[in-house]
Amino acid sequence: MPSTGWTPSTVPYGADQTVYLVVDRFGRLGSFYREIEVERTDLETIITDLMSGQFNDPVRVVAFNTLEHWSEDVSKQIADEIQTRCDIEGVAVPEHVSDFVASHTSPTRQLSLRLV
């Protein structure tokens, strides 16, 4: 079959739906958006997959909605949700996602200015 250059779409057909993609790091190979079934790109599935170790070394989570024409890095919100769920259950953040949570939940350091 000849190549047409067509690639499958990640965006659900005609749906006003927010899709979440995970940027995963693979050492020397670099970082990539992981291929995920379209039906598995919702918020709850992404959080569940992160917590269960489905990703190698998650770096970032990006949400987008093509119908509404927006995209956003939601890594902090996802990391906060994972931390909250672990706190409620009284368990430590799973090792395989601890770097992701730590890097996105650590307090933002604000520099102080000297007043003269």
Between [X] and [Y], is any pair of side-chain heavy atoms under 4.5 Å apart?
{"X": "Val22", "Y": "Ile46", "value": "yes"}
{"X": "Arg60", "Y": "Lys76", "value": "no"}
{"X": "Phe64", "Y": "Thr18", "value": "no"}
{"X": "Val62", "Y": "Glu72", "value": "no"}
{"X": "Pro58", "Y": "Ser75", "value": "no"}

Practice task
Rounded to the nearest 0.5 Å, what's the gap from CG on Leu50 to CD on Glu81? Could you check?
Solution key: 11.5 Å

Practice task
Measure the spacing between CG of Asp49 and OH of Tyr20 and express it to the nearest 0.5 Å.
Solution key: 14.0 Å

Handout entry: Taking every non-hydrogen atom, the tightest pair across Ala92 and Cys86
Key = O-SG, 3.9 Å

Handout entry: Side chain Asp57, main chain Asp24, donor-acceptor under 3.5 Å
Key = no

Handout entry: Pairing of Arg85 and Glu89 as salt bridge, 4.0 angstrom limit
Key = no

Handout entry: Inter- and intrachain pairs under ring pair (Phe, Tyr, Trp, His ring centres under 6.0 Å), touching residues 78-102, at least two apart
Key = Phe100-His104

Exercise for the section: Could you tell me whether the side chains of Thr84 and Asp87 share a donor-acceptor contact shorter than 3.5 Å? Expected result: no

Practice task
Only one of Val61, Ile78, Val97 passes side-chain contact (heavy atoms from CB on, under 4.5 Å) with Ile47; say which it is.
Solution key: Ile78

